[in-house]
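The structure appears below as structure tokens.
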Amino acid sequence: MDDPRVLTACGAWNVANVEALERLCTNAARTDIGSIDVRRVTALDTVGAWLLERLARGGAARAALTGADGPYGDLLEEVRGLNRGHPAERRSVNPVLQRLDQLGRGSRRLASDSAAFLHMLGAFSAALLGIFRHPRSFRLTSTVYQLGRVGWQAVPIMVLITFLIGAIIAQQGIFHFRRFGAESYVVDMVGILVLREIGVLIVAIMVAGRSGSAYTAEIGAMKMREEIDALSTMGLDPVAVLILPRILALVVALPILAFLGSLAALYGGGLIAWLYGGMSPAIFIARLHDAVSVTHFEVGIIKAPFMALVIGLVAAVEGLSVKGSAESLGQQTTASVVKSIFLVIVLDGLFAVFFASIGM
């Protein structure tokens with residue numbers, strides 16, 4: 001080289017020669033390099049391009065790459081833009097402004113989730129109206145299959161959980177009421193709580209965790225594999241094909257599960273009252289007949305279809321929100337369960353206020 005500040009790179013700069021190139025770059029970095037001539041490079045890959053770029057950045061001022069407009073110019077230009085940014089300095093943030101920013105972001109997410117929920121509700125209503133207009137388009141086989149999954153297959157776990165809940169409520173009630181000699185009022189407490197609130201609420205929460213998460217995972221997996229886009233390409237409505245049968249199955253299955261769960265909870269409460277409280281089954285049933293009316297049962301069953309509708313809509317919205325990664329699928333499935341349980345509890349509270357205002 002004529003100019004000692006000009007470094008001429010020649011030969012193959014690729015991964016096969018990386019050890020020798022590393023040594024050459026280490027030795028060359030000790031000198032002041034003004035420019036690097038790459039016109040004699042016969043082979044270049046990403047490793048070699050990065051070594052040249054690192055060598056060019058090594059001095060006090062960046063060395064120029066001459067001859068970079070050749071066949072390897074695009075690769076050198078691409079590598080030149082890597083890691084150019086400098087980490088931003090951490091500045092102290094006003095905690096009030098930080099809280100306001102979090103509040104704003106949360107409000108925007110809430111508005112977005114509400115809009116997506118209402119959009120799905122409208123799409124579901126339109127698909128349901130299309131079924132009434134064209135009954136032959138109703139997918140009976142898919143609906144019955146989903147009903148078997150979310151209904152029949154869920155009966156054992158629902159009955160077991162509600163049985164235990166009823167037994168625990170009765171045991172705790174007897175333990176505390178015994179101090180006042182009012183063990184018989186345990187029947188009133190168990191009957192009203194189970195039929196009005198606990199029975200349908202526990203079943204709805206279990207359905208949200210069991211079936212709602214499954215719906216989100218299924219629809220999300222279809223979204224990742226672009227099966228939903230394929231349905232739209234074929235002229236089929238994904239809501240009518242995938243979501244409508246699942247939500248209808250939930251709306252039918254949840255009241256049935258709530259009814260069976262309430263019976264199991266009452267049975268568990270009666271069994272504990274007999275074994276733990278010394279109350280015979282005949283006395284328990286007679287006291288239950290006096291304490292509970294059909295109105296209490298109606299209040300619980302009326303809430304079940306609405307809770308099922310909320311669970312199904314949230315599961316569908318979160319499933320369609322899945323992006324193209326397994327991490328996104330897990331996040332949306334978790335969000336589906338959390339949001340469903342939250343909305344079910346809120347809906348139960350609204351119904352409690354409503355029924356109290358009309359005297360039920």
Side-chain angles (χ1 to χ4, degrees), residues 150-211 252-308 311 340-342 344-360:
V150 303
W152 176 252
Q153 295 181 9
V155 168
I157 185 63
M158 298 299 173
V159 169
L160 176 61
I161 293 297
T162 50
F163 172 83
L164 294 176
I165 293 294
I168 293 170
I169 293 175
Q171 188 272 336
Q172 290 296 311
I174 292 173
F175 177 78
H176 290 285
F177 287 173
R178 182 174 289 169
R179 302 175 183 178
F180 311 100
E183 296 96 330
S184 60
Y185 286 101
V186 171
V187 182
D188 302 58
M189 182 183 68
V190 172
I192 295 174
L193 274 179
V194 166
L195 293 180
R196 290 184 68 98
E197 302 293 338
I198 298 297
V200 63
L201 186 60
I202 292 298
V203 169
I205 291 174
M206 292 290 294
V207 168
R210 180 184 181 274
S211 303
V252 174
L254 189 53
I256 299 174
L257 293 175
F259 172 72
L260 296 176
S262 299
L263 291 181
L266 293 176
Y267 183 80
L271 185 62
I272 292 299
W274 179 30
L275 298 177
Y276 188 76
M279 185 182 301
S280 66
I283 297 176
F284 182 88
I285 294 174
R287 180 70 181 178
L288 185 65
H289 184 270
D290 295 335
V292 175
S293 64
V294 179
T295 303
H296 298 303
F297 174 74
E298 291 175 349
V299 168
I301 292 299
I302 288 173
K303 293 187 287 188
F306 294 95
M307 292 180 177
I311 293 171
S340 297
I341 294 175
F342 173 76
V344 161
I345 295 175
V346 170
L347 189 63
D348 183 73
L350 295 176
F351 270 112
V353 174
F354 171 73
F355 286 129
S357 64
I358 64 175
M360 289 185 67

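For clarity, every value in this text was computed on a predicted model and none was experimentally measured.
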Residue pairs meeting salt bridge (charged side-chain N to carboxylate O under 4.0 Å, His left out), one or both in residues 270-282, sequence neighbours left out, come to none
Residues pairing under salt bridge (charged side-chain N to carboxylate O under 4.0 Å, His left out) where one sits in residues 254-282, two or more places apart or in two chains, turn out to be none
So the side chain to side chain donor-acceptor pair (under 3.5 Å) pairs with at least one residue in residues 153-167 (sequence neighbours excluded) are none
In short, side chain to side chain donor-acceptor pair (under 3.5 Å) pairs touching residues 293-306 with sequence neighbours left out are R196-H296, E197-K303, K303-D348
Under 3.5 Å donor-acceptor pairs involving side-chain atoms of residues 163-173, not counting sequence neighbours:
none

For F297, the ring-ring contact (aromatic ring centres under 6.0 Å, His included) test, sequence neighbours excluded, returns F259
In this structure, are over 12 heavy atoms from other groups packed under 6.0 Å from H289 atom NE2? no
For residues 269-281, which side-chain N or O atoms pair as donor and acceptor with protein atoms under 3.5 Å away, sequence neighbours left out?
| unit_1 | atom_1 | unit_2 | atom_2 | d |
| --- | --- | --- | --- | --- |
| S280 | OG | I283 | N | 3.4 |

Please tabulate, for the side chains in residues 199-211, all donor-acceptor contacts under 3.5 angstrom to protein atoms that are two or more places apart in sequence or on a different chain.
| unit_1 | atom_1 | unit_2 | atom_2 | d |
| --- | --- | --- | --- | --- |
| R210 | NH1 | R149 | O | 3.1 |
| R210 | NH2 | R149 | O | 3.4 |

When every non-hydrogen atom of V150 is compared with those of A253, the smallest separation belongs to CG2-CB, 3.8 Å
In short, A258 meets I301 closest at the heavy-atom pair CB-CD1, 4.4 Å
With sequence neighbours left out, the residues meeting salt bridge (charged side-chain N to carboxylate O under 4.0 Å, His left out) with D188 are R287
Residues passing the salt bridge (charged side-chain N to carboxylate O under 4.0 Å, His left out) test with R178, sequence neighbours excluded, are E183
Separation between CD1 (I285) and CG (L266), nearest 0.5 Å, reads 10.5 Å
Rounding to 0.5 Å, atoms CD1 (I256) and CE (M158) come to a distance of 12.5 Å
With sequence neighbours left out, the residues meeting side-chain contact (heavy atoms from CB on, under 4.5 Å) with L347 are F306, M307, V310, F351
Residues at least two apart in sequence or cross-chain that pass side-chain contact (heavy atoms from CB on, under 4.5 Å) with S262, listed by chain then number, are V194, L195
